[in-house]
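For the numbers below, each heavy atom of this structure counts, side chains included, while hydrogens, waters and symmetry mates do not.
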Amino acid sequence: MKKLSELYDIKDDRVIKAIKINSKEVTPGDIFVCTMGVTADRHDFIDEAIAAGASAIVVSKDVGKKSVPIIRVKDTNVELRKLCAKFYDYPYKKAYMIGVTGTNGKTTVAEIIYQLLGTSCAYIGTNGRKFKGKHFSMRNTTPDVDRLYPYFDEFLRAGCTTICMEASSEAFFRHRLDDIKYDIAIMTNVTQDHLNIHKTLDNYLDCKCQLFRQVKEDGFSILNSSDQYYSLFRKNAKGKIVTYGLKETDTLYIKNFHVEKNKTMITMVYDYKTYHVVSPLLGNFNIMNLAAAFLACLCYNKSFDDLIPVISSLSQIEGRMEVMPFTTQYMVILDYAHTPDALEKVLTYLNEIKKNKIITVTGSAGGREKEKRKDMGKIVLEKSDHVIFTMDDPRNEDCNTIIDDLIGDSKLNNYERIINRKEAIYQALKEAKPNDIVLIAGKGRDNYMAIGNEYQPYSDYEVIKSFYQE
């Protein structure tokens with residue numbers, strides 16, 4: 001808590017308890033910032049915020065006299081970031097900051113680092129926020145600053161000294177992370193995604209590169225030398241540039257690997273020494289994810305001797321090639337894959353280990369990125385023995401129209417459509433025979449379904465669990 005006079009040059013010592021941008025969340029003692037959203041101008045909700053107990057209002061336009069102090073600024077969106085930083089005493093300056101960006105792999109890399117560094121580290125990203133054995137879900141990969149900075153403060157108060165976070169391209173586009181300087185920044189890979197927000201691939205890449213422009217001079221930029229945009233990221237990177245990949249010149253060189261159904265053997269070379277690593281994470285793509293996380297920990301001053309014993313006890317990453325524990329007759333895998341590249345990698349690996357059929361349940365989000373649906377559908381139809389197309393956050397689009405886009409002009413007929421996602425998953429699990437693989441793709445561990453303008457409670461994991469309980 002802080003006095004209003006500590007936040008602004010105003011002679012008013014009323015205590016401010018929290019910062020809010022949603023009038024419906026305002027409680028007595030809060031300061032309400034009238035930010036400009038994509039579809040909402042929060043100046044329209046000033047009276048509602050005051051009625052809920054707001055102690056002061058921050059605005060960027062004339063709103064007349066009100067019963068509480070009105071603070072006028074040039075840009076409320078920029079001011080929100082400055083106000084949160086001051087209110088929470090610049091928490092990002094007190095922690096060792098690790099940022100992970102990329103189209104695919106962010107969650108896996110960040111969670112591996114979180115596990116390898118132990119209880120001094122906190123995680124925040126698609127799988128929520130985790131610290132000191134606690135786990136809380138969130139809706140956004142990188143929340144807006146009115147939530148992000150309190151989370152940072154929460155981590156510090158709990159005794160965490162390091163924060164490993166997923167840094168989404170949208171977060172940089174919305175300027176949520178502009179003030180943070182990173183000790184370590186990590187690039188996983190880049191394929192075309194989120195063009196509903198960025199409009200062009202160049203804009204998307206520029207937002208990804210921004211993370212590396214914000215690396216401290218004595219920090220580290222960790223780059224994937226195998227990625228097609230490696231040179232672009234290298235040009236933008238600050239601090240010491242280190243690389244991982246399949247080249248002998250890489251700082252961390254993946255010399256060879258052997259993938260099995262339940263483990264992966266990897267030979268890595270670092271600082272002219274060879275190390276043999278046995279990873280419980282499945283899929284060729286997770287070799288690169290593990291290498292990125294390893295290199296981050298090495299830059300953090302851990303050693304291979306510190307890391308190798310911990311690898312065998314790594315937990316499955318929730319919703320990322322996560323093998324469900326409810327049956328041994330066949331394999332049920334929950335995965336967040338929702339881009340052509342991610343689906344290609346997951347299904348390529350599953351085809352390498354399959355003994356019988358692959359049944360895939362998938363869909364595509366509504367209201368965005370229609371151009372990728374045809375490629376997604378082509379991949380799942382060609383690399384699965386049977387596909388059940390279903391809903392995946394349809395929002396205001398018709399599910400059948402989305403599925404039509406996924407099927408495209410394919411001549412394959414190894415599919416059916418079941419709009420209700422729970423029914424689709426149940427059908428896949430009923431069809432599964434011994435040694436089959438059932439892939440439930442698209443939502444991972446999300447705990448909602450976006451239908452119309454509402455977020456309705458829903459979880460693939462709970463649906464799968466309920467099938468076996470019934």
Side-chain angles (χ1 to χ4, degrees), residues 1-23 25-37 41-43 45-46 49-50 52-61 63 66 68-99 122 124 129 131 138 140 142-163 165 167-168 170-183 210-211 213-217 219:
M1 293 188 292
K2 277 189 167 49
K3 295 177 181 178
L4 186 58
S5 58
E6 294 177 280
L7 300 172
Y8 292 102
D9 186 16
I10 181 173
K11 293 182 178 179
D12 192 315
D13 287 341
R14 70 184 66 198
V15 174
I16 301 300
K17 296 180 179 178
I19 300 165
K20 300 289 174 61
I21 62 172
N22 186 338
S23 59
E25 296 177 357
V26 170
T27 58
D30 293 345
I31 186 169
F32 180 64
V33 184
C34 299
T35 55
M36 306 293 289
D41 178 352
R42 288 168 178 110
H43 291 84
F45 303 99
I46 289 175
I50 293 173
S55 290
I57 309 291
V58 180
V59 302
S60 59
K61 59 177 73 170
V63 297
K66 300 292 179 181
V68 298
I70 301 294
I71 295 122
R72 179 87 176 259
V73 299
K74 184 177 181 181
D75 185 326
T76 47
N77 289 36
V78 172
E79 183 64 21
L80 176 66
R81 207 172 60 243
K82 294 179 179 178
L83 177 60
C84 286
K86 183 182 286 189
F87 187 84
Y88 292 103
D89 296 320
Y90 307 91
Y92 49 83
K93 292 183 178 181
K94 302 174 184 177
Y96 191 97
M97 298 297 300
I98 302 174
I124 187 166
R129 64 189 197 277
F131 62 103
M138 303 187 310
N140 294 336
T142 313
D144 212 335
V145 291
D146 66 308
R147 297 184 187 276
L148 185 64
Y149 284 30
Y151 294 157
F152 287 168
D153 183 64
E154 178 183 43
F155 297 154
L156 293 171
R157 290 179 184 277
C160 298
T161 56
T162 300
I163 298 173
M165 66 179 297
S168 69
E170 182 176 1
F172 286 109
F173 178 75
R174 308 283 184 210
H175 300 286
R176 296 171 188 166
L177 306 175
D178 284 10
D179 300 323
I180 300 174
K181 296 296 183 183
Y182 289 90
D183 296 278
Q210 184 58 36
L211 172 64
R213 300 185 195 111
Q214 293 177 207
V215 173
K216 297 175 181 177
E217 290 302 316

Main-chain N/O of Ile180 paired with Gln214 side-chain donor or acceptor, under 3.5 Å: yes

Whether over 12 other heavy atoms sit under 6.0 Å from Lys17 NZ: no

Sequence-distant partners of Thr162, side chain to side chain contact (heavy atoms under 4.5 Å, CB included), two or more places apart: Tyr96, Ile98, Leu117, Cys121, Tyr300

Partners passing side-chain hydrogen bond (donor to acceptor under 3.5 Å, both in side chains) against Thr161 (at least two apart in sequence or in another chain): none

Just to verify, what does Glu25 make a salt bridge (charged side-chain N to carboxylate O under 4.0 Å, His left out) with, not counting sequence neighbours? Arg147

Residues forming a salt bridge (charged side-chain N to carboxylate O under 4.0 Å, His left out) with Lys2, sequence neighbours excluded: Asp89

Could I get the full list of salt bridge (charged side-chain N to carboxylate O under 4.0 Å, His left out) partners for Lys216, not counting sequence neighbours? Asp183

Got a sec, which residues hit side-chain hydrogen bond (donor to acceptor under 3.5 Å, both in side chains) with Asp9, two or more places apart in sequence or on another chain? none

Measure the CD1-OG distance between Ile50 and Ser23 for me, rounded to the nearest 0.5 Å. 11.0 Å

Taking every heavy atom of Val145 against every heavy atom of Cys84, the minimum-distance pair comes out as O-SG, 3.7 Å

By salt bridge (charged side-chain N to carboxylate O under 4.0 Å, His left out), which residues pair with Asp179, not counting sequence neighbours? Arg81

At their closest point, which heavy atom of Ala171 faces which heavy atom of Leu177, and how far apart are they? CB-CD1, 3.9 Å

Just list the side-chain donor-acceptor pairs under 3.5 Å for residues 27-35, sequence neighbours left out, or say none.
unit_1	atom_1	unit_2	atom_2	d
Thr27	OG1	Asp30	OD2	3.1
Asp30	OD2	Lys20	NZ	2.7
Asp30	OD2	Thr27	N	2.8
Thr35	OG1	Arg42	NH1	2.9

Rounded to the nearest 0.5 Å, the CG atom of Asp13 sits from the NZ atom of Lys3 at a distance of 4.5 Å

Residues at least two apart in sequence or cross-chain that pass side chain to side chain contact (heavy atoms under 4.5 Å, CB included) with Val73, listed by chain then number, are Val58, Ile71, Thr76, Glu79

Whether Asp12 side chain and Arg14 backbone form a donor-acceptor pair below 3.5 Å: yes

Check the pair Met97 / Met165 against side-chain contact (heavy atoms from CB on, under 4.5 Å), numbers first and verdict last. CA-CA 8 Å; Met97 298 297 300; Met165 66 179 297; 4.0 Å; yes

Straight-line distance of Leu80 CG to Ile21 CD1, nearest 0.5 Å: 6.0 Å

How many angstroms lie between CD1 in Ile19 and CG in Asp146, if you round to the nearest 0.5 Å? 8.0 Å

Minimum heavy-atom distance between Ile57 and Ala49, given as atom pair plus value: CD1-CB, 4.4 Å

Mind checking what makes side-chain hydrogen bond (donor to acceptor under 3.5 Å, both in side chains) contact with Arg72, not counting sequence neighbours? none

Residues that Asp41 engages under side-chain hydrogen bond (donor to acceptor under 3.5 Å, both in side chains), provided they are two or more places apart: His43, Lys61

Evaluate Met138 against Ile124 for side-chain contact (heavy atoms from CB on, under 4.5 Å), listing each step before the verdict. CA-CA 9 Å; Met138 303 187 310; Ile124 187 166; 3.5 Å; yes

Can you give each donor-acceptor pair under 3.5 Å made by side-chain atoms of residues 148-160, sequence neighbours left out, with the distance rounded to 0.1 Å?
unit_1	atom_1	unit_2	atom_2	d
Asp153	OD1	Arg157	NE	3.4
Asp153	OD2	Arg157	NE	2.7
Glu154	OE1	Arg129	NE	2.8

Measure the spacing between CG of Asn77 and CZ of Arg176 and express it to the nearest 0.5 Å. 10.5 Å

dist Phe131:CZ -> Ile163:CD1 (nearest 0.5 Å) comes out at 10.5 Å

